[in-house]
Amino acid sequence: MGKLKEKLQKFMDNPDVAFKEQVGYVSGVFGNCMGQDSVGTYTDQFMYDYMGLRSSHVVAMKSTTTAANILIAPIVGALLDGNRSGKGNARSFMMASAIPFTLASVLLFVVPSGSLEFNVIWSFVLYLTFNIADTFYDVALSTLSVRMTPNAKSRKNFYTVAQVASTLGSMFPGWLVPIIIEAMDGDYNTEKWAFFTVALLFGILGLFTMLVPCMTLKERNLVLPPKEGKKIKIDYKLILLNRPLLLLCLCNCIESVRKVCYNALPFFYKQTLNKYSMKAYVEMASSALSYGGLFSVPFLGKRFSSRDIVVAGYMHTAVCYILLALCGYKNLWIVGILIALGGLPNAGMSAAKRVLLADSTDYMEWKSYQKYGVAQRNEGMVFAFSTMMSRIADLWKELLVNGGLALIGYQSAQMVDGQMVEAVQTPETLHGIFLLVAVPGIVGNLLPGIIMMFDNFTGKRKEKIMAELEVIRAEAKARLEAEATV
């Protein structure tokens, strides 16, 4: 308890960031993650089981949405980098996107009619709106976060506390939805409206928390060396030179296979195990373990790099799912324990990844100076590129999820006399759902863990680069001060 109190005190006394700004950032992360988890975890199941959509509808909808986000993300990043004044546009982007984000996250859990065609259009428009709004909010908030933490050494504590809020935001939908749905005693129509009620609750809370950082955060920018008349347009070239960023994005793309497992879990608990509330209890245990792993990050960070923490987390989870595949799903206790243990490193890994992504902006600044003689850091483009790659990974995940469900013969709800009727799954399909959990859980952890081993912006090399970067920044600041006195 004393250690936790000490860490919270360090969070409050962070010399780089005012306390209200830290709280504001944490609040925005909480609301954003709550909406993302509600939509990301349950829309597939809701669209299949209550809206009556087919796999072809879902894949077409999410492919189009991903294409739109690929175009929008770099535009948002360029706009953020192009306006570095104290009155930058990041907060305006967040304010404007929070409301459509919330409305879409709620209305996606409404069955608007008995017409399949109208339901498809309804879902498409709202899902597109949600993802575009999420891109604007996420890129703007992430860009501000790295500008709030110019001191790389303070990022572990800053992002660890932020990850607490992220995990909390993700936990609430995962806990409440299964318990409430199972309490409906199998009443199909009541279950449908229960999804909407819970989404509305999360939407109201999420909107409030997402607006807090718009009123508390301030724009910050590091002093960069003057360009001395050089009109360099190397934003995209620098992205390609940013090895830590590219490896992290590749890792996240491959990790989308692991997320197939998480998307299949609601189907697994509800259909295969016929114990939907078990999802909530397992996630409670997993979250408790995950917090243990999260709070160990600042301590582990003294001996291990963020990259090492990520690699170890992937390998740990891979072992848990290998054991799950071997043991099967006859014993609910073994299933619950292995899945819960598999989630132990998740929050810590997410915090470490946030640090790695923020650190990659420092690498970009150093690399641009080495390559072009001009230190340039484009935080907006870094986070926009990361977001763009995440959207591509999400599409790949959706293709795998929906392709997997089609492959195992999963049946959607059927329209009968203007009413949706719940479908009954075959024993082969129920076993196939288990395979959609176990196999991606193994592959989606082993491969990213191996990829991250090639990140060499760590250890002594990182220390050397950061020392060089401090000299570059000091020289730039001295030149600017000299010019100001002329």
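One distance of note links CG of Asn402 with CG of Asn263; it measures 8.5 Å at 0.5 Å rounding.
Proximity of a side-chain donor or acceptor of Arg54 to a complementary backbone N or O of Gly52 within less than 3.5 Å is detected. Put simply, the side chain of Ser105 gets close to the backbone of Thr102: a donor and an acceptor are under 3.5 Å apart. The closest donor-acceptor contact from the side chain of Tyr42 to the backbone of Pro173 lies under 3.5 Å. In this structure, the side chain of Thr317 does not engage the main chain of Tyr314 through any donor-acceptor pair within 3.5 Å. Between the side chain of Ser305 and the main chain of Gly459, no donor-acceptor pair closer than 3.5 Å is present. With hydrogens and angles disregarded, no donor-acceptor distance shorter than 3.5 Å links the side chain of Ser386 to the backbone of Val382.
Asn131 and Thr65 share no side-chain donor-acceptor pair at under 3.5 Å.
A 4.5 Å side-chain heavy-atom check between Leu168 and Met34 finds every atom pair outside the cut-off. Contact of the Ile99 side chain with the Met210 side chain is not registered, since no non-hydrogen atoms from C-beta on lie closer than 4.5 Å.
Residues that satisfy the side chain to side chain donor-acceptor pair (under 3.5 Å) test with Ser63, not counting sequence neighbours, are absent from this structure. Taking the side chain to side chain donor-acceptor pair (under 3.5 Å) definition, one finds that Asn242 meets it with nothing, sequence neighbours left out. Under the rule for a salt bridge (charged side-chain N to carboxylate O under 4.0 Å, His left out), the partners of Lys353 that lie at least two apart in sequence or sit in another chain are Glu255. Among residues two or more places apart in sequence or in another chain, the side chain to side chain contact (heavy atoms under 4.5 Å, CB included) test is passed with Ile337 by Leu341. Looking at residues two or more places apart in sequence or on another chain, you find a side chain to side chain donor-acceptor pair (under 3.5 Å) between Thr429 and Thr426. A search for side chain to side chain contact (heavy atoms under 4.5 Å, CB included) contacts involving Ile322 returns Leu326, Ile442, not counting sequence neighbours. Under the ring pair (Phe, Tyr, Trp, His ring centres under 6.0 Å) criterion, Phe457 pairs with Tyr363, not counting sequence neighbours. Take Glu468 and apply the side chain to side chain donor-acceptor pair (under 3.5 Å) test, not counting sequence neighbours, and it matches Trp366, Lys464. Judged as a side chain to side chain contact (heavy atoms under 4.5 Å, CB included), and not counting sequence neighbours, Ala312 has no contacts. With sequence neighbours excluded, no residue satisfies ring pair (Phe, Tyr, Trp, His ring centres under 6.0 Å) with Tyr321.
Applying the salt bridge (charged side-chain N to carboxylate O under 4.0 Å, His left out) rule to pairs touching residues 307-319 yields nothing, sequence neighbours excluded. The ring pair (Phe, Tyr, Trp, His ring centres under 6.0 Å) pairs that include a residue from residues 378-412 are Phe267-Tyr410, where partners are two or more places apart or lie in different chains.
Remark: aromatic rings of Tyr50 and Phe46 are close, center separation under 6.0 Å. Ring centroids of Phe130 and Phe101 are separated by less than 6.0 Å, placing the two rings close together.
Screening Lys462, Arg473, Lys367 for a salt bridge (charged side-chain N to carboxylate O under 4.0 Å, His left out) involving Asp362 leaves a single residue, Arg473.
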